[in-house]
Amino acid sequence: MNISENLKNKHFINLEDFTPDELKGLIDLALELKKEIKQKGSIDILKGKNLVMYFSKPSLRTRLSFEIGMAKLGGNSYVIKQDEIILGKRESIEDTSRVISKYADAVTIRTFAHNDVETFAKYSSIPTINALTDLSHPCQIMADILTIYETYKSYKGLKLNYVGDGNNVTNSLLTGCASFGIDITVSSPKGFEPDTNEINKAKEIAKKTGSKIEIINDPAQGANGADIIYTDVWTSMGQEAEAEKRKEIFKEYQINENLMKHANKDAIILHCLPAHKGEEIDFDTFEKYSKTVFNQAENRMWAQMAILLSVIK
């Protein structure tokens, strides 16, 4: 099994911290793990290793994919919820980090402030994995890229159109597509585009890989000739008070039969889930393309297993 020694004990917080070759190596490892473990059921390569997972946001896919993935690698996982330690409140982030470092071999954090994860990593002597912040969602994007590769057996020559809110997923998707040489167009309402700094980071990477990056406001224009149409909820966690207002703003940004007519005939749909059917995607379109969406959900586990196996000593 080809496991890069360059990533050992390295934090997995921002995709731009890794070279395109390192990220491609993780996808190759995920494919290898998926094939081997589907045949064997599990391998004991991380036997005796312990993963701590902290959640200050609700989780289905993130928790199960990490927890079951760690078990399939022979390791153990332990979940800490927000009400048990309240990261940065009951005890400083710095001290919490140093304590967990004494017990575990890696930690995943799913929280709101991106700076909290970076502070935790600064004081941690074990790998810290970003399992989602308000700024980014790198693990999700690795699963997305894995799904795209399984579908098309390539990265080059593909176009992805993201339709909707320029949120944390979009920010990481820009960097992910740029790193793998995938062209990406983001179609968002004016004022809801991705983070400017994240756009600029992706554009710097794209200069080296040849990826084309475009930020526009017209979803039909963005879908034109696309191989992948990607969406996410219009209202992310923590924005619930804006839900009704956002429904009005985003009503022209729904993935439906009319929008898919602009995409390539064999295009796929990706959605990081949960899906609010009738909002960002209509029910019939979701069901028509759901096989790829749920493969994408499964691939969270395989991509994260590759990350865990690469960073844990």
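Heads up: numbering here begins at 1 and tracks the sequence.
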I'd like to know if K277 and E287 make a salt bridge, using a cut-off of under 4.0 Å between side-chain N and carboxylate O.
yes
Salt bridge (charged side-chain N to carboxylate O under 4.0 Å, His left out) against K89, all qualifying residues, sequence neighbours excluded:
none
Residue pairs fulfilling salt bridge (Lys or Arg N to Asp or Glu O under 4.0 Å) with at least one residue in residues 175-193, sequence neighbours excluded
none
Run the ring-centre check on F192 versus F250 and record whether the distance is less than 6.0 Å.
yes
Pairs satisfying side chain to side chain donor-acceptor pair (under 3.5 Å), at least one member in residues 261-270, at least two apart:
D227-N264
Taking side-chain hydrogen bond (donor to acceptor under 3.5 Å, both in side chains) as the criterion, tell me which of D144, T147, T62 meets it with R300.
T62
Hydrophobic cluster identity match, V117 and L15, side-chain contacts under 4.5 Å
no
So which of K201, K207, K208 actually passes side-chain hydrogen bond (donor to acceptor under 3.5 Å, both in side chains) with E204?
K207
The criterion is salt bridge (charged side-chain N to carboxylate O under 4.0 Å, His left out); which residues satisfy it with K38, sequence neighbours excluded?
E298
Modelled atom types, side-chain donor and acceptor of D282 and T285, under 3.5 Å
yes
Is it true that a side-chain atom of S97 and a backbone atom of S124 form a donor plus acceptor pair closer than 3.5 Å?
yes
Lys/Arg N to Asp/Glu carboxylate O, E150 vs K34, below 4.0 Å
yes
Test H276 against every option in T235, V233, D232 by the side-chain contact (heavy atoms from CB on, under 4.5 Å) rule and name the one that passes.
V233
K81 NZ/CZ over Y54 ring centroid, <6.0 Å and within 45° of normal:
no
Could you tell me whether the side chains of H114 and N14 share a donor-acceptor contact shorter than 3.5 Å?
yes
Using the salt bridge (charged side-chain N to carboxylate O under 4.0 Å, His left out) criterion, which residues pair with D165? Sequence neighbours excluded.
R246
Please determine whether the number of non-hydrogen atoms from other residues, nucleotides or ligands lying under 6.0 Å from atom CZ of F294 exceeds 12.
yes
Does F18 have K10 sitting over its ring (NZ/CZ under 6.0 Å from centre, angle to axis within 45°)?
yes
Does E32 come within less than 4.0 Å of K35, counting only side-chain N to carboxylate O?
no
Pairing residues for E280 by the salt bridge (charged side-chain N to carboxylate O under 4.0 Å, His left out) criterion, not counting sequence neighbours
none
